[in-house]
Amino acid sequence: MPLVNRPAVVTFTLVDASGSRSQSTANLIGGILLTDARTAAQTLATAVEAASDCTVESYAITFPTVETQPAAPALNSRVEKKGRIQFRTSAGKVYTFTVPGIVNSVILASGQIDEDQALITGMTLALLASPWSDSNGATLDQVIGAYERFDSTSKGQLPSNRRAD
Amino acid sequence: MAHAPAALVIIAYRDASDSIGYTRLWLATGSVDAARAAVATRIGVMGALSGCAVTGYSITWSTHLSDTPAPGPQLVSTAGIFIWQTAVADAYAVTYIPGINAAMLDATDPAGLAINTQKLEVINYIAVLRDGAFVNPFEYDITALENAFVQFEP
């Protein structure tokens, strides 16, 4: 399962006088530290804004990693079949962790996810520890629910070979 | 500026019908290495929970800028395109400036199509892209500007 880090990408979001938004991207050198990436991004944002009529309202620095030899997905696996585990955060809010194509072995007959199943307890214990959080940086304190849910299939998710022979 | 309090981790999966699904998680850390280590120790378990195949993941730190100037008249659909030479022959990089200021355009015939590389703002932009931190998607160093012009998008 070789995971390969790719060069970081900084994406600037610009807004014009009509309220329309557009993005501009640039790639950052490999191995760059987050602090250096932020410095480079801020410098480039200033230069872009000076040459543009638009305003740079935000930027995002993404560090991608790709699996160069992904395993074959299980027969009949479907991303629309979701496992959802809900957590109460230290701020009193709810964070939901979703697993696409959840395996049947962790699902009870009622559709509830078996929270005592070894795979589930391993995952929840990990997420209840640092550095995992919600989007506001609040810690995840308690599991409050876990269940199976099916999302509707979009046109793009229909099988590519669905036409009759 | 305001840095988001947590980094967004997106794990991508592919199922038997070739559809792509995602898991979104948040990490309260300012270290790329710590974030990658946290994901690496969990990705095996996440893969075991799913019948889909994990195809990769990304970690994103966002920053929101405040006290920014009001935008000028040029719309985002008028973009400056910059084509760059890299350290590898015949390999290029491309960057864009949406809503490029009309004053950055060359007035020589044909007027309003080429970008004036003698404008101070353009010189500064070129200098930033060439300062060593930026590369093309294949990690080749950006070395020099090849061409720069305007493109109109509907």
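Only a predicted model underlies this, so the values are computations on that prediction, with no experimental measurement involved. Here is the naming used below: chain letters follow the sequence lines, and residue numbers restart at 1 for every chain.
With a threshold of 4.5 angstrom between heavy atoms, A:Q23 approaches chain B through N, CA, C or O but not through any side-chain atom. For B:V128, the part lying near chain A is the side chain, with the backbone staying farther off; criterion is any non-hydrogen pair under 4.5 Å. With a threshold of 4.5 angstrom between heavy atoms, A:L127 approaches chain B through side-chain atoms but not through N, CA, C or O. Only the side chain of A:V106 comes within less than 4.5 Å of a heavy atom of chain B; its backbone N, CA, C and O stay farther away. Heavy atoms of B:M46 lying under 4.5 Å from chain A belong to its backbone as well as its side chain. Neither the backbone nor the side chain of B:V122 comes within less than 4.5 Å of any heavy atom in chain A. Looking at B:A103, neither its backbone nor its side chain comes within 4.5 Å of chain A, counting heavy atoms on both sides. Contacts of B:R24 with chain A are made by backbone atoms alone, with heavy-atom separations under 4.5 Å and no side-chain atom involved. Heavy atoms of B:I11 lying under 4.5 Å from chain A are absent altogether. Using a 4.5 Å cut-off between heavy atoms, A:V9 does not touch chain B at all. Using a 4.5 Å cut-off between heavy atoms, A:F12 does not touch chain B at all.
When atom types are taken as modelled, the side chain of A:T62 and the backbone of B:I59 share no donor-acceptor pair closer than 3.5 angstrom. Not one N or O on the side chain of A:S24 forms a donor-acceptor pair closer than 3.5 Å with the backbone of B:I97. Side-chain N or O atoms of A:S77 include none that pairs as donor or acceptor with a backbone N or O of B:D15 at under 3.5 Å. Between the side chain of A:T65 and the backbone N or O of B:G56, no donor-acceptor pair lies under 3.5 Å.
Interatomic distance, OG of A:S52 versus CE of B:M104, reported as 9.5 Å (0.5 Å rounding). Between B:Y125 atom OH and A:T43 atom OG1 the span is 13.5 Å, to the nearest 0.5 Å. Residue B:T95 holds its OG1 atom at 8.0 Å from CG of A:L44, rounded to the nearest 0.5 Å. Between B:F134 atom CZ and A:N27 atom CG the span is 9.5 Å, to the nearest 0.5 Å. In this structure, the separation between CG on B:L25 and OG on A:S135 is 12.0 Å, given to the nearest 0.5 Å. B:S19 contributes atom OG, which lies 7.0 Å from atom CZ of A:R78 (distance to the nearest 0.5 angstrom).
For the set A:A37, A:G83, A:A40, the count of heavy-atom pairs under 4.5 angstrom toward chain B peaks at A:A40. Most heavy-atom pairs under 4.5 Å with chain A, from the set B:S50, B:S66, B:A102: that is B:S50. With chain A as the partner, the residue from B:T29, B:I20, B:L8 showing the most heavy-atom pairs under 4.5 Å is B:I20. Per-residue heavy-atom pair counts under 4.5 Å with chain A were compared for B:M1, B:R36, B:E121, and the maximum is reached by B:R36. Options B:A6, B:S58, B:A28 differ in how many heavy-atom pairs under 4.5 Å they form with chain A, and the most are formed by B:A28. Contact tally against chain B (heavy-atom pairs below 4.5 Å) for A:T96, A:T25, A:V4, A:T55: the top residue is A:T55. Of all the listed residues (B:D131, B:T55, B:N124), the one sharing the greatest number of non-hydrogen pairs under 4.5 Å with chain A is B:T55. Chosen from A:M123, A:K81, A:R38, A:Q157, the residue pairing most often with chain B at heavy-atom distances under 4.5 Å is A:R38. Here A:A47 is the residue among A:P70, A:A47, A:A138 with the most heavy-atom pairs under 4.5 Å with chain B. Taking A:V99, A:T153, A:V66, A:L75 one by one and counting their heavy-atom pairs under 4.5 Å with chain B, the maximum is reached by A:V99.
Residues A:Y59 and B:L65 are in side-chain contact: their nearest non-hydrogen atoms beyond the backbone lie under 4.5 Å apart. Between A:S20 and B:L75 there is no side-chain heavy-atom pair separated by less than 4.5 Å. Counting heavy atoms from C-beta on, the side chains of A:I61 and B:T63 never come closer than 4.5 Å. A heavy-atom distance below 4.5 Å is found between the side chains of A:P100 and B:T23.
Under the 4.5 Å side-chain heavy-atom criterion for Ile, Leu, Val, Met, Phe, Trp and Tyr, B:L105 and B:I83 are members of distinct hydrophobic clusters. Both B:Y22 and A:L3 sit in one connected hydrophobic cluster of ILVMFWY residues. Membership requires side-chain heavy atoms under 4.5 Å apart, directly or through other members. B:Y96 and B:L129 fall into different hydrophobic clusters, defined by Ile, Leu, Val, Met, Phe, Trp and Tyr side-chain heavy atoms under 4.5 Å apart, directly or through other members. Residues A:V79 and A:F97 do not share a hydrophobic cluster, clusters being chains of Ile/Leu/Val/Met/Phe/Trp/Tyr side chains in contact below 4.5 Å. Transitive grouping of hydrophobic side chains (ILVMFWY, heavy atoms separated by less than 4.5 Å) keeps B:F149 and B:I126 in distinct clusters.
Considering all non-hydrogen atoms of both residues, A:A72 and B:A53 come closest at C-CB, 4.3 Å. Closest non-hydrogen pair, A:A51 versus B:I100, comes out as O-CG1, 3.4 Å. Scanning all heavy atoms of the two residues, the minimum distance from B:A16 to A:A74 falls at CB-O, 3.5 Å. Looking at every heavy atom in both residues, A:C54 comes nearest to B:Q74 through SG-O, 4.1 Å. A:D134 and B:W26 make their closest contact through O-CB, 3.4 Å (heavy atoms, listed as atom of the first residue, atom of the second, distance). Smallest separation of non-hydrogen atoms from A:S58 and B:H64: CB-CA, 4.2 Å.
Residues of residues 136-146 of chain B lying within less than 4.5 angstrom of chain A, judged on heavy atoms, are B:N136, B:P137, B:F138, B:E139, B:D141 in numerical order.
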